[in-house]
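Structure first, then comments.
For ligands, and for the atoms within them, numbers begin at 1 and follow the listed sequence.
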Amino acid sequence: MLYLIGLGLSEKDLSLKAFELLSKINNIFVDTYTNYFDFDLLWLEKELNKKVIQLSREDIEKRPIFLDIAIDQDVAILVSGDPLVATTHTDILLRAKKKGIKTKIFHASSIYSAIAETGLHIYRFGKTASIPFPEENFFPKSFYDVILENKGRNLHTMLLLDVKKEKNLFMNPKDAMEILRSIDKDCNIQDIIIISRISHDSQRIIYGDIEELLKFNAEFYGLPPHTLVVPATLHFAEEEYLISLAEIYKNTKN
Ligand SMILES: C[S@@+](CC[C@H](N)C(=O)[O-])C[C@H]1O[C@@H](n2cnc3c(N)ncnc32)[C@H](O)[C@@H]1O
């Protein structure tokens with residue numbers, strides 16, 4: 001059996017059900033490449049008295065040894081957040097099924113629900129988009145179309161920021177806003193909400209005018225992971241909640 005287990009958004013968000021299962025399994029792996037991963041899993045290794053083996057992108061995509069083991073043994077793969085949210089793990093499930101391996105998912109807290117900590121109503125989010133690192137001959141702008149489409153329907157847009165684990169690159173909100181600014185020639189985007197390290201002690205929610213927020217350097221925004229939201233027109237209840245908890249950097253000229 002292959003178990004895909006969500007770790008949740010920080011290192012002790014793992015469910016009790018998952019913890020109990022892990023205490024019975026000997027083959028435990030962790031995917032550290034689909035998100036910025038700084039969870040200290042030593043506590044888990046100590047509690048279980050077992051080693052948790054890190055999987056690289058190569059291990060998952062090209063050398064999936066865990067699938068061979070799962071043919072006749074129980075295998076668990078730990079994933080940050082929820083294992084089926086914004087990741088490629090359905091591919092692992094399909095590959096397992098093709099080998100006749102049974103699979104089971106253990107869900108966990110995810111950026112997709114934690115985003116509601118901003119006070120924005122979850123049902124008012126439109127399509128999510130990701131902002132990729134621009135490359136020499138590759139500068140995709142589809143996330144901008146998603147923002148405009150959502151704005152047109154008065155819906156919020158959640159923007160996930162690129163992770164290039166193999167190059168140790170994790171997009172900072174400042175890079176993301178510079179990319180947005182360079183595309184948004186007509187200034188359709190003004191307000192931005194930045195959600196950083198949700199569920200960690202260092203969690204932050206920042207709300208402001210993009211021009212104001214661009215005045216800060218990348219260090220100001222701290223360690224990843226970060227998510228941006230381009231809000232639609234805020235409902236008064238959303239605005240009241242957001243203003244009551246966010247760090248606010250608002251252009252007073254407006
Ligand atoms: C590929 S997605 C993985 C999502 C994860 N499986 C989940 O369910 O939350 C990675 C992106 O989610 C966002 N993200 C993940 N954890 C976050 C957190 N704790 N705080 C803010 N954003 C987060 C960041 O934009 C990050 O680049």
Query - Asp145 versus Ser142, side-chain donor and acceptor atoms under 3.5 Å - result: no

Query raised in the report: Is the cationic atom of Lys164 (NZ for Lys, CZ for Arg) positioned less than 6.0 Å from the six-membered ring centroid of Phe170 and within 45 degrees of its normal?
Result: no

May I have every N or O pair linking ligand 1 to the protein at under 3.5 Å, one per line with atom names and distance?
| unit_1 | atom_1 | unit_2 | atom_2 | d |
| --- | --- | --- | --- | --- |
| ligand 1 | 6 (N) | Ser80 | O | 3.2 |
| ligand 1 | 6 (N) | Asp82 | O | 3.1 |
| ligand 1 | 6 (N) | Val85 | O | 3.0 |
| ligand 1 | 8 (O) | Asp82 | N | 2.8 |
| ligand 1 | 8 (O) | Ser110 | OG | 2.7 |
| ligand 1 | 9 (O) | Ser110 | OG | 3.4 |
| ligand 1 | 9 (O) | Ile111 | N | 2.8 |
| ligand 1 | 16 (N) | Asn35 | ND2 | 3.4 |
| ligand 1 | 19 (N) | Ile198 | N | 3.3 |
| ligand 1 | 19 (N) | Ile198 | O | 3.0 |
| ligand 1 | 20 (N) | Arg197 | N | 3.4 |
| ligand 1 | 20 (N) | Ile198 | N | 3.0 |
| ligand 1 | 22 (N) | Thr227 | OG1 | 2.8 |
| ligand 1 | 25 (O) | Leu161 | N | 3.1 |
| ligand 1 | 25 (O) | His226 | O | 2.7 |
| ligand 1 | 25 (O) | Thr227 | OG1 | 3.2 |
| ligand 1 | 27 (O) | Leu161 | O | 2.7 |

Report task. Quick one: list whatever passes side chain to side chain contact (heavy atoms under 4.5 Å, CB included) with Leu155, sequence neighbours left out. Result -> Asn150, Arg153

Query raised in the report: Take atom CG in Asn49; do more than 12 heavy atoms of anything else shown fall under 6.0 Å from it?
Result: no

Query - Flag, side chain of Ser130 to backbone of Pro132, donor-acceptor distance under 3.5 Å - result: no

Report task. Test Arg197 against every option in Asp38, Thr227, Leu9 by the side-chain contact (heavy atoms from CB on, under 4.5 Å) rule and name the one that passes. Result -> Asp38

